[in-house]
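Please read the structure below before turning to the comments.
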Amino acid sequence: MVFHHVLQADNMKSIIFLVGPTAVGKTAVSIYLAKMLNTDIISCDSMQVYKGMDIGTGKPALAQLRQVPHHMIDVLSPVRNFSVADFRKKALDCIEVIKGKGKKVFFVGGTALYMRALIDGLFSSPPADRALRNRLLRQEKINGRGYLYKQLSRVDKNSAKLLHPNDTRRVIRALEVYTNTGIPISVLKKGTRGLKSKYSIKVFCLNRNRKELYNLIEARVDYMFKRGLLAESRRLKVKKLSMTARQALGYREVFGYLDGRLTLKAAKELIKKNTRNFAKRQLSWFRNDESIEWIDIDKEKPKEIAEILCKKLMK
RNA sequence: GCCGAGGUAGCUCAGUCGGUAGAGCGAGGGCCUGAAAAGCCCUGCGUCAUCAGUUCAAUUCUGAUUCUCGGCA
């Protein structure tokens, strides 16, 4: 708390991110750090934006939400689709609000793409064109695997080179952009400006040894069931979840159980496995980012980690 | 104690009519711009239980040992 005036000076030019794989312990650390910095928390998470998806997405507890003002949590009904672009737009608004209060901008979350979209920027393009995507997908089915990839190679050789022919989703996206703008996505990507052109960005990534992380993941999944993941899933099931909300880990598998495709035990194990795999993918994304400062947690308590981060920010 | 089956990749197992081995799952690594908690790609040297014998050559055949699982006592 004594650091306020010191930090105040550069509040306007620096932005902090606290990231890390799921279950590593970001939330607890973020509460302490936000208090030390006397600021709010902006969530950088693709699933915690949804209302009613609390237990399964590992949202901060009510008590934690009361201690520090949070943004980008519970901002959308789970029947609505959500995208990086939606996130970026809303998050940029949050930044303005917090800067307006003279506070430090502090993001916390595990969705690496969303962080990148903020830091590096996103080129502007028309919103997703579902009809076109479905049409393209049909073409791929009719003409065989690799058909769309060949189409893309014709119009945008550079993007095609970066994609695997089986990566249909990205091939379709690249074709969609080209069809709707007349400009190859590979060209558009070059012309983006993000937060890093205006602010100094500091990214901390929490991590722990793999075994320990996996233990935490499994314990957390067990705890989710104790807290009522089943009941929460039932409540969500009667609404019709949007395509994006439906993808959230935990609910997917529980729906499998509720539909009788999985035993409860199998569903639980599947959630654990899928979450482990997810954490691995998150780490792969963070590792690829040279500018990240890694913070290895072993036995340290959340408060101690927060203090360490705070000291680093003073320098 | 006796009879039977078996010990091969982290797990479940296949296989080698003797030329040092392969699937599934798991796991590890990577990619990533409006679905990202999604999607996509790559990765299998492992004392073939141990020791000895036969053989140019044994994980494969023979014997002993050991462990596991069934059945009978």
Side-chain angles (χ1 to χ4, degrees), chain A residues 19-23 26 43-50 53 55-59 78 80-91 109-130 132-134 137 145-146 148-149 156 159 161-174 176-178 180-181 183-194 210-211 213-214 217 220-221 224 241-254 266 269-289:
Chain A
V19 301
T22 185
K26 294 185 290 295
S43 163
C44 184
D45 186 292
S46 64
M47 293 300 165
Q48 292 185 359
V49 294
Y50 286 117
M53 297 173 63
I55 298 169
T57 63
K59 269 181 208 166
R80 308 289 300 279
N81 278 319
F82 194 65
S83 72
V84 220
D86 297 329
F87 172 81
R88 177 164 177 274
K89 192 160 172 292
K90 285 181 196 279
T111 304
L113 173 69
Y114 287 10
M115 175 175 78
R116 287 262 66 91
L118 284 172
I119 296 176
D120 298 335
L122 219 52
F123 62 82
S124 62
S125 85
D129 185 341
R130 307 277 164 206
L132 174 61
R133 289 184 187 184
N134 289 334
L137 200 58
R145 224 170 198 208
L148 293 178
Y149 185 77
D156 184 359
S159 296
K161 252 188 288 181
L162 294 173
L163 295 175
H164 190 279
N166 289 347
D167 198 350
T168 314
R169 240 178 231 194
R170 290 207 172 71
V171 171
I172 286 179
R173 170 62 182 158
E176 176 190 62
V177 168
Y178 183 75
N180 288 342
T181 67
I183 308 169
I185 192 168
S186 50
V187 173
L188 289 169
K189 278 185 196 173
K190 285 177 197 152
T192 57
R193 270 165 57 88
R210 195 60 67 91
K211 188 86 176 35
L213 179 64
Y214 284 5
I217 286 173
R220 167 188 264 202
V221 171
M224 283 178 181
L241 291 191
S242 68
M243 181 179 66
T244 49
R246 210 199 325 271
Q247 301 176 149
L249 277 165
Y251 307 102
R252 265 162 44 196
E253 297 84 352
V254 172
E269 291 311 306
L270 231 203
I271 294 174
K272 290 177 180 176
K273 194 208 79 182
N274 288 340
T275 307
R276 288 196 298 267
N277 294 166
F278 166 50
K280 189 161 75 80
R281 267 179 279 133
Q282 288 179 294
L283 284 166
S284 150
W285 200 302
F286 297 135
R287 253 184 248 123
N288 154 347
D289 185 339

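Proteins come first, then strands; the chains are lettered A, B, ... in the order of their sequence lines, and each starts at number 1. Scope of the values below: all heavy atoms of this structure, side chains included, with no hydrogens, waters or symmetry mates.
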Counting Watson-Crick and G-U wobble pairs with both distances under 3.5 Å, what is the dot-bracket string for RNA chain B, 5' to 3', using [ ] for crossing pairs and | for pairs to another strand? (((((((..((((.....[..)))).(((((.......))))).....(((((..]....)))))))))))).
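Put simply, NE2 on A:H164 is 5 Å from C1' on B:C41, counting in whole angstrom units. The separation between A:K26 atom NZ and B:A37 atom C1' is 11 Å, rounded to whole Å. Between the CZ atom of A:F286 and the C1' atom of B:A36 there is a distance of 12 Å, given to the nearest Å. When the C1' atom of B:A36 is taken as reference, atom CG of A:D120 falls 15 Å away, rounded to whole Å. In this structure, CZ of A:R170 is placed 11 Å from P of B:A36, rounded to the nearest angstrom. Taking atom CD of A:E253 as the reference point, atom C1' of B:A37 lies 9 Å away to the nearest angstrom. In this structure, A:R169 atom CZ and B:A35 atom C1' are separated by 5 Å, rounded to whole Å. A:L132 places its CG atom 15 Å from the C1' atom of B:A35, with the value rounded to the nearest Å.
Taking every side-chain heavy atom of A:L249 into account, B:A37 is the closest of B:A37, B:G34, B:G39. Picking from B:G39, B:A37, B:A35 the nucleotide with the shortest atom distance to the side chain of A:A128 gives B:A35. Side chain of A:S46, nearest nucleotide from B:C40, B:A36, B:A37: B:A37. The A:L122 side chain lies nearest to B:G34 when the options are B:G34, B:G39, B:A36.
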Nucleotide by nucleotide, nucleotides 25-30 of chain B touches protein heavy atoms under 4.0 Å in the pattern (B base, S sugar-phosphate only, - none) -SSBBB
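Within the 4.0 angstrom heavy-atom criterion, no nucleotide atom of any strand lies near A:A117. Looking at heavy-atom distances under 4.0 Å, A:T275 makes no contact with the nucleic acid at all. Within the nucleic acid shown, A:S124 comes within 4.0 Å of at least one base atom, counting heavy atoms only. Counting any heavy atom pair closer than 4.0 Å across all strands shown, A:S242 reaches no nucleic acid atom. Using a 4.0 Å heavy-atom cutoff across all strands shown, A:G250 reaches no nucleic acid atom at all. As judged by a 4.0 angstrom heavy-atom cut-off over every strand, A:T244 is placed among residues touching the sugar-phosphate backbone only. Using a 4.0 Å heavy-atom cutoff across all strands shown, A:F87 reaches no nucleic acid atom at all.
Put simply, A:N81 has no side-chain N or O that comes within less than 4.0 Å of OP1 or OP2 on B:A35. Taking side-chain N and O atoms only, A:T111 has a distance below 4.0 Å to OP1 or OP2 of B:A37. A:R173 has a side-chain polar atom (N or O) that falls below the 4.0 Å cut-off from OP1 or OP2 of B:G34.
Atom CG of A:N277 and atom CZ of A:R281 lie 6.5 Å apart (nearest 0.5 Å). Rounding to the nearest 0.5 Å gives a distance of 9.5 Å between CZ of A:R169 and CG of A:L137.
Using atom P as the reference point in both B:C40 and B:G34, the two lie 16 Å apart (nearest Å). Comparing B:G22 with B:C41, their C1' atoms are spaced 22 Å from each other, to the whole Å. The same atom, P, is picked in B:A9 and in B:A23; the two are 16 Å apart, to the nearest Å. With both ends at atom P, the span from B:G70 to B:C13 equals 13 Å, rounded to whole Å. Nucleotides B:G39 and B:G6 have their C1' atoms positioned 43 Å apart, rounded to a whole Å. Atom C1' of B:U20 sits at a distance of 23 Å from the matching atom of B:G24, rounded to the whole Å. Using atom C1' as the reference point in both B:G29 and B:U65, the two lie 42 Å apart (nearest Å). When the P atom is compared between B:U54 and B:G26, the two are found 47 Å apart, to the nearest whole Å.
Although no hydrogens or angles enter the test, the distance criterion places no donor-acceptor pair under 3.5 Å between the side chain of A:E176 and the main chain of A:L132.
Taking A:T22 as the reference, A:R220 meet the side-chain hydrogen bond (donor to acceptor under 3.5 Å, both in side chains) condition, with sequence neighbours excluded. The ring pair (Phe, Tyr, Trp, His ring centres under 6.0 Å) test applied to A:Y114 returns A:F87, not counting sequence neighbours. For A:D120, the salt bridge (Lys or Arg N to Asp or Glu O under 4.0 Å) partners at least two apart in sequence or on another chain are A:R116, A:K196. Partners of A:K59 according to the salt bridge (Lys or Arg N to Asp or Glu O under 4.0 Å) rule, which considers only residues two or more places apart in sequence or in another chain, are A:D54, A:D74. A:R145 meets the side-chain hydrogen bond (donor to acceptor under 3.5 Å, both in side chains) test with A:N166; sequence neighbours excluded. Residues meeting the side-chain hydrogen bond (donor to acceptor under 3.5 Å, both in side chains) test with A:S83, sequence neighbours left out: A:D86.
For A:Y251 and A:A85, each mapped to the nucleotide of RNA chain B holding its nearest heavy atom, the one lying further toward the 5' end belongs to A:A85. Between A:T168 and A:F82, the residue anchored nearer the 5' end of RNA chain B, judged by the nucleotide with its closest heavy atom, is A:F82.
Here B:G34 is in the syn range [glycosidic angle within 90° of 0].
With a 4.5 Å cut-off on side-chain heavy atoms, A:V254 and A:I271 count as touching. Side-chain contact between A:P126 and A:T181 is present, with heavy atoms from C-beta onward closer than 4.5 Å.
You won't find any donor-acceptor pair under 3.5 Å spanning the side chain of A:R246 and the base of B:A38, going by distance alone.
Residue pairs that meet the side chain to side chain donor-acceptor pair (under 3.5 Å) test with at least one member in residues 244-253 of chain A, sequence neighbours left out, are A:Y50-A:T244, A:N81-A:T244, A:E232-A:Y251, A:S242-A:T244, A:E253-A:N274.
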